[in-house]
Amino acid sequence: MNSNQTHLTVTRTVDVSAKELFDLLTLPARHPEFDGSGTVRSADDTERIDKSGEKFVMNMHRDAMGGDYRTHNFVTAYDENKMIGWQPAPEAEDGTAPTEPLGWEWLYELKSLGADSTEVSLTYDWSRVTDQKLLEKVGFPAIPQEDLEESLNLLAAAVTKP
């Protein structure tokens with residue numbers, strides 16, 4: 001991988017409407033169903049995301065992060081049926097909530113290809129991470145491209161299940 005690279009993007013077509021995908025992506029309680037990295041366990045917040053500036057909390061597990069932890073996700077992009085994105089920040093060990101994200105973002109972009117088909121792009125972008133110690137500790141990209149591709153496969157399965 002190019003050491004100057006600051007993002008990964010994967011794309012696939014899903015045979016449902018952009019609205020159906022957006023409805024799923026804006027429900028934090030369903031995020032574990034389409035997490036290809038296996039780190040998302042459950043949502044503390046079950047309310048639907050409905051605008052930029054909101055925050056939702058997820059329970060996570062990743063051995064490289066010391067096991068179980070909670071992350072606060074700051075909604076940074078919201079365009080109904082077209083785009084949803086957030087920047088996470090792990091909670092402090094003492095349970096203190098972060099006041100701002102640390103610079104990496106997850107962005108889902110939906111491009112309608114008709115009533116029952118949507119092109120979905122998932123971008124994992126760490127270009128705004130400026131803390132050198134954090135860059136070294138995390139070793140971006142912390143989530144490989146294969147896990148992003150699996151996220152889109154799982155998203156397609158989750159949105160089409162009865």
Point-to-point distance, once rounded to the nearest 0.5 Å, from [atom1] of [X] to [atom2] of [Y]:
{"X": "Glu80", "Y": "Phe22", "atom1": "CD", "atom2": "CZ", "result": "6.0 Å"}
{"X": "Ser37", "Y": "Glu146", "atom1": "OG", "atom2": "CD", "result": "12.5 Å"}
{"X": "Asp147", "Y": "Thr39", "atom1": "CG", "atom2": "OG1", "result": "8.5 Å"}
{"X": "Trp126", "Y": "Ile143", "atom1": "CH2", "atom2": "CD1", "result": "10.5 Å"}
{"X": "Ile49", "Y": "Leu27", "atom1": "CD1", "atom2": "CG", "result": "8.0 Å"}

Given side chains that start at C-beta, do those of [X] and [Y] come closer than 4.5 Å, heavy atoms only?
{"X": "Asn73", "Y": "Met58", "answer": "yes"}
{"X": "Tyr108", "Y": "Phe34", "answer": "yes"}
{"X": "Val129", "Y": "Leu102", "answer": "no"}
{"X": "Asp68", "Y": "Asn59", "answer": "no"}
{"X": "Leu24", "Y": "Leu21", "answer": "no"}
{"X": "Leu25", "Y": "Leu155", "answer": "yes"}
{"X": "Thr76", "Y": "Trp106", "answer": "no"}
{"X": "Leu154", "Y": "Leu152", "answer": "no"}

Counting distance only, does the side-chain N/O of [X] pair as donor-acceptor with the main-chain N or O of [Y] below 3.5 Å?
{"X": "Ser117", "Y": "Leu113", "result": "no"}
{"X": "Ser112", "Y": "Thr118", "result": "no"}
{"X": "Arg30", "Y": "Ala158", "result": "yes"}
{"X": "Ser151", "Y": "Gly36", "result": "yes"}
{"X": "Thr96", "Y": "Ala92", "result": "no"}
{"X": "Glu136", "Y": "Lys133", "result": "no"}
{"X": "Asp35", "Y": "Val40", "result": "yes"}

Checklist entry - Can you list the steps and then say if Leu110 with Met83 is a side chain to side chain contact (heavy atoms under 4.5 Å, CB included)? => result CA-CA 6 Å; Leu110 310 174; Met83 181 187 314; over 6 Å; no
Nearest non-hydrogen partners of [X] and [Y], listed with the distance:
{"X": "Phe74", "Y": "Pro98", "value": "CZ-O, 3.7 Å"}
{"X": "Thr9", "Y": "Ser121", "value": "CG2-CB, 4.3 Å"}
{"X": "Ala89", "Y": "Pro101", "value": "CB-CA, 3.8 Å"}
{"X": "Ala29", "Y": "Thr46", "value": "CB-CG2, 4.1 Å"}
{"X": "Ala18", "Y": "Asn81", "value": "CB-O, 3.4 Å"}
{"X": "His7", "Y": "Asp125", "value": "CB-CA, 3.7 Å"}

Next on the checklist: Could you check whether Phe140 and Trp104 have their ring centres less than 6.0 Å apart?
Outcome noted: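 Yes.
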Checklist entry - Salt bridge check: are Glu54 and Lys51 linked by an N-O gap of less than 4.0 Å? => result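 Yes, Glu54 and Lys51 are salt-bridged.
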Item to check | Ionic contact status for Glu105 with Arg128, cut-off 4.0 Å | outcome: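 A salt bridge links Arg128 with Glu105.
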Checklist entry - Is Leu107 reachable from Val75 through a run of hydrophobic residues whose side-chain heavy atoms are each under 4.5 Å from the next? => result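 Val75 does not cluster with Leu107.
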Checklist entry - How far apart are the C-alpha atoms of Thr26 and Arg48, what are their side-chain angles, what is the distance that settles it, and do they pass the side chain to side chain donor-acceptor pair (under 3.5 Å) test? => result CA-CA 5 Å; Thr26 55; Arg48 182 177 299 282; 2.8 Å; yes
Next on the checklist: Please determine whether ring pair (Phe, Tyr, Trp, His ring centres under 6.0 Å) holds for the pair His31 and Phe56, giving the CA-CA distance in whole Å, both sets of side-chain angles, and the decisive distance to 0.1 Å.
Outcome noted: CA-CA 11 Å; His31 286 195; Phe56 61 97; 5.5 Å; yes
Next on the checklist: Let's go through Thr160 and Asp15 carefully: what are the C-alpha distance in whole Å and the side-chain angles of both, what is the deciding distance for side chain to side chain contact (heavy atoms under 4.5 Å, CB included) to 0.1 Å, and is it a yes or a no?
Outcome noted: CA-CA 8 Å; Thr160 57; Asp15 294 329; 5.9 Å; no
Next on the checklist: Within the supplied structure, the quantity of interest is the number of heavy atoms (other residues, nucleotides, ligands) at a distance under 6.0 Å from Lys55 NZ; does it exceed 12?
Outcome noted: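 It does: Lys55 NZ has more than 12 such atoms within range.
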Item to check | CD (Glu119) with more than 12 external heavy atoms under 6.0 Å | outcome: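 Count over threshold, so yes.
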Item to check | Steps toward side chain to side chain contact (heavy atoms under 4.5 Å, CB included) verdict (Leu8, Leu122) | outcome: CA-CA 8 Å; Leu8 294 171; Leu122 168 56; over 6 Å; no
Next on the checklist: Please evaluate residues Arg12 and Asn153 with respect to the criterion side chain to side chain contact (heavy atoms under 4.5 Å, CB included), reporting the C-alpha separation (whole Å), side-chain torsions for both, the decisive distance (0.1 Å), and the verdict.
Outcome noted: CA-CA 8 Å; Arg12 73 162 281 174; Asn153 293 337; 2.9 Å; yes
Next on the checklist: Any donor-acceptor pair under 3.5 Å linking the side-chain atoms of Ser127 with those of Thr6?
Outcome noted: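 Short answer, no.
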